[in-house]
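Below, read A as the first sequence line, B as the second, and so on, with proteins coming before strands; counting in each chain starts at 1. All values derive from a computational prediction rather than experimental measurement.
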Amino acid sequence: MFATHPNSASPEIPAMQEKYTPADIERAAQAHWQKTGAARAVEDATRPKYYCLSMFPYPSGKLHMGHVRNYTIGDVLARFHKMLGFNVLQPMGWDAFGMPAENAALANHVAPAGWTYQNIDYMKKQLQSLGFAIDWEREFATCTPRYYRWEQWLFTRLFEKGLIYKKLGTVNWDPVDQTVLANEQVIDGRGWRSGALVEKREIPMYYMKITAYAEELLADLDKLDGWPEQVRLMQKNWIGKSVGVRLAFPYELDGKSEKLWVFTTRADTLMGVTFVAVAAEHPLATRAAQNNPELAAFIEECKRGGVAEADLATMEKKGMPTGLFVQHPITGAQVPVWVGNYVLMNYGEGAVMAVPAHDERDFAFAKKYQLPIKQVIAAEGETFSLEAWQDWYGDKTKGVCVHSGKYDGLNHEAAVDAIAADLSAKGLGEKKTQFRLRDWGISRQRYWGCPIPIIHCADCGDVPVPDEQLPVVLPENVEITGTGSPLAKMPEFYECTCPKCGKPAKRETDTMDTFVESSWYFLRYACPDNDKAMLDERVNYWCQGGIDQYIGGIEHAILHLLYARFFTKLIRDVGLPGVAPIDEPFKRLLTQGMVVAPTFYREGENGKKLWINPADVDVATDERGRPTGATLKSDGQPVIIGGTEKMSKSKNNGVDPQALIDQYGADTARLFMMFAAPPEQSLEWSDAGVEGAYRFLRRVWKTVHEHVAAGPVAACSSGAELPEPLKDLRRKLHQTIAKVRDDYGRRQQFNTAVAAVMELLNAHDKADLRDAAGRALAQEILEAVVLMLFPIVPHIGQIAYAALKPGADAAQAAFPQVDETALVQDEIELMIQVNGKLRGSLKVPATADKAGIEAAALGSEAAIKFMEGKPPKKVVVVPGRLVNIVV
RNA sequence: GCCGAGAUGGCGGAAUCGGUAGACGCAGCGGAUUCAAAAUCCGCCGCCGCAAGGCGUGAGGGUUCGAGUCCCUCUCUCGGCACCA
C-alpha cells in the first residue's frame, strides 16, 4: 500500500521503549543520519534545489540562545523543504576573524588562532548535538588562507578596476595605548583600557566604492519581494538618495580666489543663508586658526571624542566664528564662516550652508549664538515668529519664496530649478544627486583579520600582490599587547620586494574589515574545496535566482546585508569563469528577534547593581500567579526584579543552552524555541515554558507508544465510511495539515504550527478510537503528527515514525498531503450580532444563500430578544462568518 | 538626534484579507489517582457583577453596520547609526 522507501532498512533505529529517554533517542537518530548521509547535499540538475542559509556564527566560545534559535529556524525550513521534495543544501561555517580573539589574547595570553580553533571545535560539537541537518563537508573558517586568499585575489582585481582606492579616514585614537579603537571600545569618550580621552585622527585607508553601486543597490530593493518591508525601507533610507544642488561660496584669501563648496537639498532657501559652517578639520578652519588661538583651542576641542554618529548627533551643538567671510553666490553679500562641531569633514563637502529660518538645527544654533534669522518661505495661514520653531518652517511641500528677489512666489521645486540655473550660468553650482551612503572604509589597524594584499614601493607606489604570491598569509605566532598594530612591529611580515621593480618595499600591515569575509561566504559554500578559483560552476546550481532562504538577526538589516548585496554585484562585474551572473544574493530573508530573559539584582554599596543569574533566583507568586517578590536561592534573602532584557554577560541573565540540552535533550530545546514566539519577535526565556515543551514531547511519545503496543493496524484510514464524530476528527486532521504546511511554507510562523498539532492531539485524545475504523484513523493521525513535527523535533520523530511504520525512515519521508474530500463540511456556524454586539450563533447548511441566512438570522432567538421589537434598518451578511443586524 | 519595529489576561503568545478577542502553552485554583510525593488524568480560569449584563487589545481622538487590525496625535520599550558581530 505504501511504497517502501529506498533507505528504509535501518536496523540501528531502536525499538520504541515505554519511557521517553531523549539522550538515547538523540544519539541513535544522529548516528542514523550520519550513517545514511542524510544531510549531504549533492548537485542534481534534475531536481529543484533549496539553499537554506543561516548567518554563520562568530566562534566566541560556546553557543548562545540566539544561535540555537537561528539555527533551529533554519533547520526547520531545510527539513520541511526536503520533505516537499527539494534538493536541500544547509551549510555551516565560521566567521572567524574579529576583535574578540584579540581581546581573549590580551586577557588570557592565548594566541588568537588557537583560541579561535578551539572555540570552533567546541561549538561544532554543540551544533551537532542539536541534530541540525547540516552538510558538514562544506564547512570552512574564514581565518584559513584557503578561504581568505580568494578575498585577497578579489581585492587585487577591484583595486585594478579602481573600485578600491585610498584616502584619509577618521578613526578613534587612544593617545596612551597609541592605537586605533573601535566605536564600542570608546566609553564616554575614553579608551576602554587606558581611560584616556579619545581623539579623532585622520589616517590613510582603503575604501570600496560602494557609492558607484548606490543606484543599483537602491533600485534592486524593489526586486526583493521575499524580504521584510522594514528591512528594505531601512536600506533605502540608509542609501538615502537625494536630489539637490552643489553650490559654491567664492572668497579671496591670501591673494587667491577660492570657492567653498556645500551641498543642499534646500537651494530654494539660499536667499535665507545667514552663515556657513565648516568642519573643524576643514582647510578654512585650519587657516583661520593660524592667528586665532581661541579658535585653535576650539578646533582642538572638536577633535576630542569618538567618531560614532550616534554620539555626534546627540551632543550639544557648538560653534565659533572664524572671522572669515565668503560671498553669497547670488547676492555677493558677505556671509560669515563658522566652525561647527556638528559638521563632519568626511560627509559631503565638510561644509554646510545655514538657513536658520527653515532648518530646525540651524534655528537652534542661530538662537544660541544670536545669529540673524531671515525668513524666505511663507505659507498661507501661517505666521512666522522668531520666538519658537514651528514644523511648517522646514516643510518643502508648503509655502513659496519671499524676501528672495526674483524668486518670490516660486514653490520649492520651481525655486530650486531657477536658482540652480542661475548658479550654473555663473559656474557656481549645479544640480546633483547625492547619496547619504558613503564609501566603505575597509582598512583596520588590527592583527586578527585578512591581510590587505598591497605592497608599498617608493618608486611604483601601491602595487597589488600578484596572483602567484597569494595568499599573503597572516602569521599566527604573534604577541598581542594592546598597543599599536602587531603586524606593523613584525619586519619578517612587512619586509618584501616590489613585484614591479624588485627593489625593497614594505607590505601593507593593515587588515580588512571582518564584514568583508561575511560578504561572500554564502557563495563559497557551493564550492569550498576549489583551490584553483574563488568560485566555480556549482554556484550556478545552488545560487541561481538567489539563495532560497537566509535567516539571521534583525541587527544585520543594514550593514551586513547591504555589503553582501554589494559584493554579489562586484563579483558579477569582475566576471568569474564559468560562473553565471547573479544580481541579488538572497531571495527570501527572515529576520529573527532576540532572546531575552528577566533580570535580577541587588544594590551594592554606592548604588552599584550586582546582577544575579535567573537560575539562582526563586520567584514567589500570589494566588493568581502574579509575581510578588524574588529571593536568592543560596541565602533566601530578597532580590530586586529588574526588566526583561537581551541575554547578556553584563546583566548576567544568560541561560546556557548546553544546560538545557543536557537536562531535557535537543528536541525540547528546539521545540521550546519554536513554540515560545514567532521567529521575528523577541523570545522571552522561561524555565516553565521549557517544562511544557518537554511535557508535550513525553505525551507524543506515550500516545504513539500506546497505539503501537495495541497491535498492528490493517491500513490507514481513507475516511470514506467513517461515522460522523470520526469524520469531524478526520476533517480536523486535514485542516491541521493544510495549516501546518502554510505556517511552515508561506507564513514561516512555527509557534502556530505547533499549537495546531497540539490541538489535533487534544482532539485525538478525546475521541473514542478503539474499534477498527478508529484505530485506522488513529494511525493516520499519529503518522501525520509525527511527520508534521519532524522538522522541529527530528530525533523523536525519527524513532516514533519507525515504530508506527516498521522500516520507514522519517528523514526520507514526504510531508503529509491534504485530502480535500476530508475538508468538506455540511453545516456552518454563523455568529449573530445586533448593532455590532455578539448576541448568539446560528447553524446553517453550507449551501444556504444570503437571503436564506438573513431570514434564519432574523428568526433566531438571540436576534428577536435583542432587537426588542424594532424593525431591522440594515442586515449585513458576511458569508461563512456572521450576520450583523442594525436596528 | 536620525532611520526602522513593537505594545493584547498573572505570563509567553493566537486572531493570516476590517468580521466570534484571548487559540495553544505556562502559571494558578478545584478534583481524581497515590500510604505519601512525583508523574498522569478530569474540570475551572480577562476584569467588574449574585445575576441580567457591562467593560476590555499602551493613552487620546477619528473612519465604519463592525476596529487588536485602517487614519491622526502622544507615551514607553527594543534594533541600527558605518571599527561589536
Side-chain angles (χ1 to χ4, degrees), chain A residues 55 57-58 60 95 98-100 169 171-172 180-186 228-231 233-234 236-238 240 306-315 317 342 361 436-438 440-446 513-515 518 553-560 562-563 591 593-594 596 621-627 643-646 675-678 680-693 695-696 698-699 702 739 742-743 746-747 749 751-752 754-759 762 765 829-833 835-838 841 873-876 878 880-882 884-886:
Chain A
M55 289 182 185
Y58 179 80
S60 54
D95 188 15
M99 252 185 358
V171 295
N172 303 306
V180 175
L181 298 178
N183 284 335
E184 76 159 7
Q185 295 174 320
V186 179
E229 189 52 41
Q230 53 156 321
V231 176
L233 190 55
M234 280 190 266
K236 182 181 178 225
N237 291 338
W238 184 261
V307 299
E309 198 200 91
D311 297 334
L312 297 170
T314 49
M315 73 184 176
K317 311 271 179 294
Y342 60 96
R361 281 171 311 175
R436 204 188 78 93
L437 181 69
R438 311 195 299 264
W440 175 14
I442 56 163
S443 294
R444 296 291 180 271
Q445 299 67 45
R446 297 188 194 291
D513 182 358
T514 56
F515 268 126
S518 55
I554 182 67
E555 65 272 21
H556 297 292
I558 295 177
L559 292 178
H560 162 62
L562 189 65
Y563 293 148
T591 49
M594 307 172 297
V596 299
T621 55
D622 66 12
E623 78 285 354
R624 295 273 271 281
R626 283 180 285 229
T644 299
E645 304 196 43
K646 180 179 176 173
F675 182 60
E680 312 223 288
Q681 269 180 45
S682 62
L683 180 149
E684 188 171 326
W685 181 258
S686 151
D687 287 328
V690 174
E691 236 0 285
R695 198 175 304 156
F696 175 68
R698 272 202 315 250
R699 203 173 132 213
K702 195 178 120 194
K739 167 151 184 67
D742 191 43
D743 279 352
R746 179 182 63 90
R747 298 217 304 154
Q749 188 170 286
N751 56 331
T752 48
V754 174
V757 176
M758 286 174 167
E759 272 190 73
N762 289 345
D765 286 1
E829 191 177 24
L830 295 178
M831 294 302 122
I832 295 180
Q833 292 183 343
N835 285 340
K837 284 191 191 220
L838 184 69
S841 67
K873 213 182 338 183
K874 185 174 178 182
V875 180
V876 182
V878 183
R881 293 276 183 190
L882 55 73
N884 187 14
I885 301 163
V886 187

Using a heavy-atom cut-off of under 4.0 Å over every strand shown, decide if [X] touches base, sugar-phosphate, or nothing.
X	answer
A/S518	nothing
A/P678	sugar-phosphate
A/S443	base
A/L312	nothing
A/K317	nothing
A/D742	base
A/A310	base
A/A693	nothing
A/M594	sugar-phosphate
A/H560	nothing
A/F696	nothing

Set out, line by line, the N/O atom pairs under 3.5 Å between protein and nucleotides 3-9 of chain B.
unit_1 : atom_1 : unit_2 : atom_2 : d
B/C3   : O3'    : A/N237 : ND2    : 2.7
B/C3   : O2'    : A/N237 : ND2    : 3.0
B/G4   : O2'    : A/Q230 : OE1    : 3.2

First locate atom [atom1] of [X], then atom [atom2] of [Y], and finally report the distance between them rounded to the nearest 0.5 Å.
X	Y	atom1	atom2	result
A/N884	A/K874	CG	NZ	9.0 Å
A/W238	A/L233	CH2	CG	14.0 Å
A/M99	A/R444	CE	CZ	10.0 Å
A/T752	A/M758	OG1	CE	12.0 Å
A/E680	A/I554	CD	CD1	7.5 Å
A/M234	A/L562	CE	CG	12.0 Å

Taking atom [atom1] in both [N] and [M], what distance in whole Å separates the two?
N	M	atom1	value
B/A27	B/G9	C1'	12 Å
B/G79	B/C84	P	15 Å
B/C41	B/U34	C1'	13 Å
B/G60	B/U75	P	15 Å
B/G25	B/G19	P	25 Å
B/A23	B/G46	C1'	14 Å
B/G68	B/G56	P	10 Å
B/U20	B/U69	P	13 Å

Closest listed nucleotide, where the reference is the side chain of [X] and the choices are [options]:
X	options	value
A/A313	B/A82, B/C83, B/G1	B/G1
A/K837	B/G79, B/G12, B/C55	B/C55
A/E684	B/U16, B/C41, B/C11	B/C11
A/N183	B/C83, B/A27, B/A85	B/C83
A/V180	B/G1, B/A39, B/C83	B/C83
A/A182	B/C84, B/G12, B/G80	B/C84
A/Q749	B/A15, B/U16, B/A82	B/A15
A/A688	B/C83, B/G79, B/A27	B/A27
A/T314	B/U16, B/G1, B/A85	B/G1
A/L559	B/U16, B/U40, B/A85	B/A85

[X] side chain near [N] phosphate (N/O to OP1/OP2, under 4.0 Å):
X	N	result
A/R438	B/C83	no
A/R695	B/A39	no
A/R747	B/A15	yes
A/T514	B/A85	yes

Would you mind pulling out the nucleotide paired to [N], Watson-Crick or G-U wobble, both distances under 3.5 Å?
N	result
B/U34	none
B/G43	B/C29
B/G9	none
B/G19	B/C65
B/G4	B/C78

Heavy-atom closest contact ([X] atom, [Y] atom, distance):
X	Y	value
A/F675	A/N751	O-CB, 3.3 Å
A/E829	A/S841	OE2-OG, 3.2 Å
A/L838	A/M831	CD1-CB, 3.7 Å

Side-chain donor/acceptor of A/Q445 to base of B/C83, under 3.5 Å
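Per atom types, the contact qualifies.
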
Check this for me: does the side-chain of A/R746 come within 3.5 Å of the base of B/U16 through a donor and an acceptor?
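A donor-acceptor contact between them is present.
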
Are the side chains of A/V886 and A/N835 in touch, meaning some heavy atoms are under 4.5 Å apart?
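Of all side-chain heavy-atom pairs linking A/N835 with A/V886, at least one is under 4.5 Å.
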
In whole Å, I'd like the distance from the NZ atom of A/K739 to the C1' atom of B/U16.
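Checked: the NZ to C1' distance equals 7 Å.
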
Going by the rule salt bridge (charged side-chain N to carboxylate O under 4.0 Å, His left out), which residues pair with A/D743 if we only count those two or more places apart in sequence or in a different chain?
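For A/D743 the salt bridge (charged side-chain N to carboxylate O under 4.0 Å, His left out) partners, ignoring immediate neighbours, are A/K739, A/R747.
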
Taking the nucleotide of RNA chain B with the nearest heavy atom to each, does A/R436 or A/L683 sit closer to the 5' end?
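The residue whose closest nucleotide sits nearer the 5' end is A/L683.
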
Are the side chain of A/N183 and the backbone N or O of A/G306 linked by a donor-acceptor pair below 3.5 Å?
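The answer is no, because no donor-acceptor pair under 3.5 Å joins these two groups.
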
Closer than 3.5 angstrom, by distance alone: can the side chain of A/Q185 be matched with the main-chain N or O of A/A182 as a donor-acceptor pair?
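Judged by distance alone, yes, a pair lies under 3.5 Å.
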
Produce the list of close N/O pairs, under 3.5 Å, pairing protein atoms with atoms of nucleotides 19-24 of chain B; give distances to one decimal.
unit_1 : atom_1 : unit_2 : atom_2 : d
B/A23  : O2'    : A/E759 : OE2    : 3.0

Pick one for B/G9: is it syn, with its angle within 90° of 0, or anti?
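Base orientation relative to the sugar is syn.
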
Is the glycosidic angle of B/C42 within 90° of 0, making it syn, or outside that range, making it anti?
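Because its glycosidic torsion lies more than 90° from 0, B/C42 adopts the anti conformation.
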
Is it true that atom CZ of A/R361 has more than 12 heavy atoms of other residues, nucleotides or ligands lying nearer than 6.0 Å?
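It does not: A/R361 CZ has 12 such atoms or fewer within range.
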
